[in-house]
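Structure first, commentary second.
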Amino acid sequence: MVLKVEDVASNFIHDIIDKDLQEGLAEEIHTRFPPEPNGYLHIGSAKAIWINYTIAKKYGGKFNLRYDDTNPVKEEEEYVISIEEDLMWLGAIPSGGIFYGSDYFDQCYEYAKKLIIDGKAYVCDLSQEQMSEYRGTLTEGGKESPYRNRSVRENLELFEKMKAGAFAEGECTLRAKIDMSSSNMNMRDPVLYRIIYASHHRQGDKWCIYPMYDFAHPIQDAQEGITHSLCSIEFENHRPLYDWVIDNIGVSHKPHQYEFARLNMTYTVMSKRYLRKLVETNVVDGWDDPRMPTLCGLRRKGYTPSAIFEFISKSGVSKTFSIADVKFLEHCLCTELNETAQRRIAVTQPLSVIITNYPSNEIEYFDISNNPQKPEQGKRSLPFTNELYIEQSDFLVEPAPGFKRLVLGGEVRLMGAYILKCNEVEYDEKGNAAKLLCTVDLETKNNKPADGRKVRGTIHWLSAGHTLDAQFRIYNQLFNKENVSSLLEDDNFEEFLDPDSLEVYDNCKMELALEHAKTGENIQFVRQGYYVKDSKHDGVFNRTAPLKSSYRPK
RNA sequence: UGGGCUGUAGCCAAGCGGUAAGGCACCAGACUUUGACUCUGGCAUUCGUUGGUUCGAACCCAGCCAGCCCAACCA
């Protein structure tokens, strides 16, 4: 079980439910996650999933997955499949079942007819432009449609014809008769049904009229016995319409809508529309690019469901607009992986070391802990020879103040092995250190020096003859602007794209044990970060997160 | 400019009339064969603001200010 419901802190929605339970307004709690299959799920979706799932779990109720598929031109089967995959990966099993909003099209249609009969809905012939004019503005009420007072009989006939395909797209709509002077734009005779000649991914060509979200959603909730219909805050203005539909279609079970603030993260775009654009313009490698905030992207990057939920849980649920720090997500991940990830050694940018006082034909093995804090995770043996690789960044000819690693004439601990001293440097034609000639203090094999001298640095190493080649991919934020969610209206968020969001290192060396690395298995490359084997390309390892470092070179 | 919602530290966020939880970040130290982890200490005399009510206000009232959402036949 990935979700630890016991640990879930209460929030304002829990308070509402407690009260409803106490006052007998609800008996069994029933929630739902209603994604539109028009894109891949992202970490913001995970927040909605988490809220709904944990509520059902906490109150012993049920949790539905329901595809909100009322607009055939935007929705695709591919997304339906991915949504279920992601939900299963998260471990948020829909205990109440999996449903499709489109399965209620017949009921929606019947309810629409009931509204017409009750004189609460009418067929309107206004064009889109006209309707917009008639709607009025934020500060002025609208005008009533000239078609508002058609007879029930005429409306019924017209609606029937709409359904039968007698009209072209846009020729007419079915509208609720509410209040054109309402200060809430949503109540100014909202459209209930529109004509769309498009095949539906489940209904095929059965329909050419499709219900709008505002009409379909409360019906779906009522059908499924949802008690608390939770959505994000931009739907707050829609609640009066939600209630209007519930009150006027005549259902005994009356679900209620509550709103919470959606998840925003620093340096991250969350809108599906923009994520799709990133995919379509090839800024990223697909929906599952590890830089994407999509669940499949996070998965490919090495994130775990538990870390994602930990982050969401600890971030809290409120109605306040907020932007969570991606660093906090990373912190939740690292806290978990520090416990679970086995340690391995890899050298990202190799620098050759020849140990001049170690026999060239000798090989010995050092047992290295798989996790020093978790001895139960065991050890593995690493071969040691006179030719090693160390990290280029672990050697400096002209060390900055505070540099604790290897310098010419200095000593450093080879992790789990000897103390190494650098005696001579060979340079390449560009003047960079290419090879170090070193000696090893054979007395310090896993021991402190007998003379008590202090060697402060510890570096990782690999025997040059015993490595695997790999490519490391290091992912940084896609955007270099902290608050990208605020400029969603500009179409040109491209100018904030960080050109260095992907760093590729070829020629990386890893210890032999990585031959058996599995996709999804988190490992820590010691002193560097957490990595996973890429699920798409062989020999590629993705950095999930770097290790923190208090070293600040001047 | 109409309506709705929101304002507690750099970032999240508890708090629900009795005197500002917690986490992240940050700073200072300890420990360290991962500059990781861990540990210790520091970090809001004040809750957007101004008044009012009260023995007592972040909590109640009024005004003001700021931010977000709404004028798709999208969700």
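Values below: all heavy atoms of this structure, side chains included; hydrogens, waters and symmetry mates excluded.
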Are the charged groups of A/Arg453 and A/Asp451 less than 4.0 angstrom apart, N to O?
yes

In whole Å, what separates the C1' atom of B/A21 from that of B/G15?
8 Å

Using both pair distances under 3.5 Å as the test, note the stems of at least 3 consecutive Watson-Crick or G-U pairs that include RNA chain B.
B:2-7 with B:65-70, B:10-12 with B:22-24, B:26-30 with B:38-42, B:48-52 with B:60-64

Does B/A72 sit syn or anti, given that only angles within 90° of 0 count as syn?
syn

Do A/Glu364 and A/Tyr358 pair up side chain to side chain, a donor and an acceptor below 3.5 Å, judged on atom types alone?
yes

Round to a whole Å and report the spacing from CZ of A/Phe321 to C1' of B/U8.
18 Å

Can you find a donor-acceptor N/O pair under 3.5 angstrom joining the side chain of A/Asn71 to the base of B/C74?
no

Integer-rounded Å distance: B/C5 C1' and A/Phe12 CZ:
11 Å

Which nucleotide sits closest to the side chain of A/Arg135: B/G2, B/C73, B/A75?
B/C73

Would you give a per-nucleotide map of nucleotides 23-37 of chain B, 5' to 3', where B means the base has a protein non-hydrogen atom under 4.0 Å away, S means only the sugar-phosphate does, and - means neither?
SSS-------BBBBB

Correct closest heavy-atom pair for A/Ser82 and A/Tyr40 would be CB-CE2, 3.3 Å

Can A/Thr320 and A/Ser322 be counted as having a side-chain donor-acceptor contact under 3.5 angstrom?
no

So that I can tick it off, tell me whether A/Arg527 and A/Glu391 are bridged by a salt bridge, with the cut-off set at under 4.0 angstrom between side-chain N and carboxylate O.
no

C1' gap between B/G4 and B/A9, integer Å
29 Å

Can A/Tyr242 and A/Asp221 be counted as having a side-chain donor-acceptor contact under 3.5 angstrom?
yes

Can you see if the side chain of A/Thr70 gets near the phosphate of B/A75 - specifically, an N or O under 4.0 Å from OP1 or OP2?
yes

Taking the six-membered ring of A/Phe328, is NZ or CZ of A/Lys314 closer than 6.0 Å to its centre and within 45° of its axis?
no

If I take atom CG in residue A/Asn264 and atom P in nucleotide B/A13, what distance separates them, rounded to the nearest angstrom?
11 Å

From the candidates B/A71, B/A75, B/C16, the one with an atom nearest any side-chain atom of A/His238 is B/A75

For A/Tyr267 and A/Asn476, test the side chains for any donor-to-acceptor distance below 3.5 angstrom and give the result as yes or no.
no

Between B/G51 and B/G3, how far apart are the two P atoms, rounded to whole Å?
27 Å

Out of B/C73, B/A71, B/G3, which has the shortest distance to the side chain of A/Leu138?
B/A71

Taking CZ in A/Arg148 as the centre, count heavy atoms belonging to other residues, nucleotides or ligands within less than 6.0 Å. Is the count above 12?
yes

